[in-house]
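Take a look at the structure set out below.
Chain naming here is simple, since letters A, B, ... match the order of the sequence lines and numbering starts at 1 in each. Quick caveat: nothing in here was measured; it's all calculated off a predicted structure.
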Protein chains: 2
Amino acid sequence: MDTADDVHIEAPHRELLDQVLDKWSLSVLNELCERACRFNELRRAIPQVTQKSLTATLRRLERNGVIEREVVSTRPVAVRYRITPLGKTLRYPIDVLLAWASQNMPVIERAREDFDDREEAGR
Amino acid sequence: MDTADDVHIEAPHRELLDQVLDKWSLSVLNELCERACRFNELRRAIPQVTQKSLTATLRRLERNGVIEREVVSTRPVAVRYRITPLGKTLRYPIDVLLAWASQNMPVIERAREDFDDREEAGR
DNA sequence: CGGTATCCCTAAGGATACTG
DNA sequence: CAGTATCCTTAGGGATACCG
């Protein structure tokens with residue numbers, strides 16, 4: 001039900017990338033590439049994310065094996081998230097992507113303005 | 001309202017990548033990298049996409065300047081989509097990403113199984 | 001052919017309150 | 001501290017019908 005009726009070559013890849021490159025993953029991964037972080041450290045580092053979404057993102061990333069969750073049984077408990085070796089291999093693809101985005105941002109902004117102007121003009 | 005209160009470095013990039021790497025974009029871009037296509041050719045090439053979603057995807061990609069829409073005024077009209085030079089530069093980042101996905105798919109599937117087993121075991 | 005318009009429905013996301 | 005649990009809203013997607 002994912003392998004059977006998905007005729008596309010890229011479908012499983014797409015699904016994987018959705019898991020790993022979703023809305024908050026880039027930010028989380030970026031933080032964790034720098035240093036291991038606790039839950040609330042991450043919240044502070046990424047102020048726009050809500051608890052719920054951050055939790056969901058961390059679970060998803062953990063499930064896919066790109067980050068690790070370590071529970072330090074103090075009182076109150078401390079939880080430490082860190083990137084895994086697999087997670088580190090994601091760095092390069094992400095950097096390539098971000099580099100593309102940076103380099104082409106101006107061109108794309110122009111393209112958008114032009115498009116919107118044409119739209120407004122009734123095409 | 002996108003540059004002002006988005007404290008994040010990557011926020012505009014994220015938004016850009018959302019536009020360009022969304023659910024159907026990879027498939028469309030892949031097709032158009034091969035050859036210019038008409039609307040219904042694309043539908044046939046990507047059977048799972050609905051008209052509505054395909055139209056939306058094409059508009060979005062066009063707006064961002066990675067594809068072009070050419071209307072041939074015959075009767076009935078023909079519309080031809082093709083990749084732009086900017087669009088072609090997206091090829092490399094996408095390939096890097098897909099390569100990462102292919103290479104690590106087995107590892108990730110293992111990670112998922114392990115995670116799910118731990119979950120089921122009550123952790 | 002290449003769409004637009006409409007309705008519907010579900011799944012993701014935010015806000016808020018509470019807990020071991 | 002590090003989350004669950006609950007409620008609510010809204011954006012995205014499918015299905016269907018129609019149009020130049």
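- Considering only side-chain N and O atoms, B:Y81 lies nowhere under 4.0 angstrom from the phosphate OP1 or OP2 of C:dC1.
- Nearer the 5' end of DNA chain C, as judged by each residue's closest nucleotide, is the contact made by A:R60, out of A:R60 and A:V77.
- Of the candidates D:dG3, C:dG3, C:dA15, D:dG3 carries the atom nearest the A:V79 side chain, counting heavy atoms from C-beta on.
- Comparing D:dA2, D:dC7, C:dC1 by their nearest atom to the side chain of B:N40 picks out C:dC1.
- Here the side chain of A:S53 pairs no donor or acceptor atom with the backbone of A:V49 at under 3.5 angstrom.
- Of the two residues near DNA chain C, B:L58 and A:T50, the one whose nearest nucleotide lies more 5' is B:L58.
- Rounded to an integer number of Å, the gap from CD of B:E41 to P of C:dC1 is 11 Å.
- Around the CZ atom of B:R110, the shell of radius 6.0 Å holds no more than 12 heavy atoms that belong to other residues, nucleotides or ligands.
- When the nearest nucleotides of DNA chain D are assigned to A:A78 and A:K52 by heavy-atom distance, the more 5′-ward of the two goes with A:A78.
- The CG-C1' distance, from A:D18 to D:dG13, rounds to 14 Å in whole Å.
- When all heavy atoms of A:W24 and A:Q48 are compared, the closest pair comes out as CH2-CB, 3.7 Å.
- Note on B:R38: only backbone sugar-phosphate atoms sit closer than 4.0 angstrom, heavy atoms only; bases stay farther off.
- Atom CZ of A:R43 is separated from atom C1' of C:dG14 by 12 Å (rounded to the nearest Å).
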Starting from the C-alpha separation in whole Å, work towards a yes-or-no answer on salt bridge (Lys or Arg N to Asp or Glu O under 4.0 Å) for A:K23 and B:D18. CA-CA 8 Å; A:K23 192 172 183 190; B:D18 278 343; over 6 Å; no
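- Of all nucleotides listed (C:dG20, D:dT4, C:dC1), C:dC1 comes nearest to the side chain of B:P76.
- Proximity of A:T55 to the phosphate of D:dG3: no side-chain N or O atom is located under 4.0 Å from OP1 or OP2.
- Distances shown here put a side-chain N or O of A:R59 below 4.0 Å from the OP1 or OP2 atom of D:dT4.
- B:E119 places its CD atom 14 Å from the C1' atom of D:dT4, with the value rounded to the nearest Å.
- As rounded to whole Å, 15 Å separates atom C1' of D:dC7 from atom CD of A:Q51.
- Using a 4.0 Å cut-off, no side-chain N or O of B:R44 falls inside it from OP1 or OP2 of C:dG2.
- Put simply, A:S53 has a side-chain N or O that comes within less than 4.0 Å of OP1 or OP2 on C:dG14.
- Between the A:T89 side chain and the A:L86 main chain, a donor and an acceptor come within less than 3.5 Å of each other.
- Rounding to whole angstrom units, CD of residue A:Q48 and C1' of C:dG13 are separated by 14 Å.
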From CA spacing to verdict: side-chain contact (heavy atoms from CB on, under 4.5 Å), B:I83, B:R35: CA-CA 8 Å; B:I83 198 149; B:R35 65 190 197 290; over 6 Å; no
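- Within the 4.0 Å cut-off from OP1 or OP2 of D:dA2, not a single side-chain nitrogen or oxygen of A:R75 is found.
- The nearest whole Å value for the distance from the CD1 atom in B:I46 to the P atom in D:dG13 is 14 Å.
- Residue A:K23 is classed as a sugar-phosphate contact, given heavy-atom separations below 4.0 Å to backbone atoms only.
- Computed from coordinates, the A:L54 CG to C:dA12 P distance equals 17 Å when rounded to whole Å.
- Closest approach to the A:F39 side chain among D:dC1, D:dA2, C:dG14 is made by D:dA2 (side chain taken as heavy atoms from C-beta onward).
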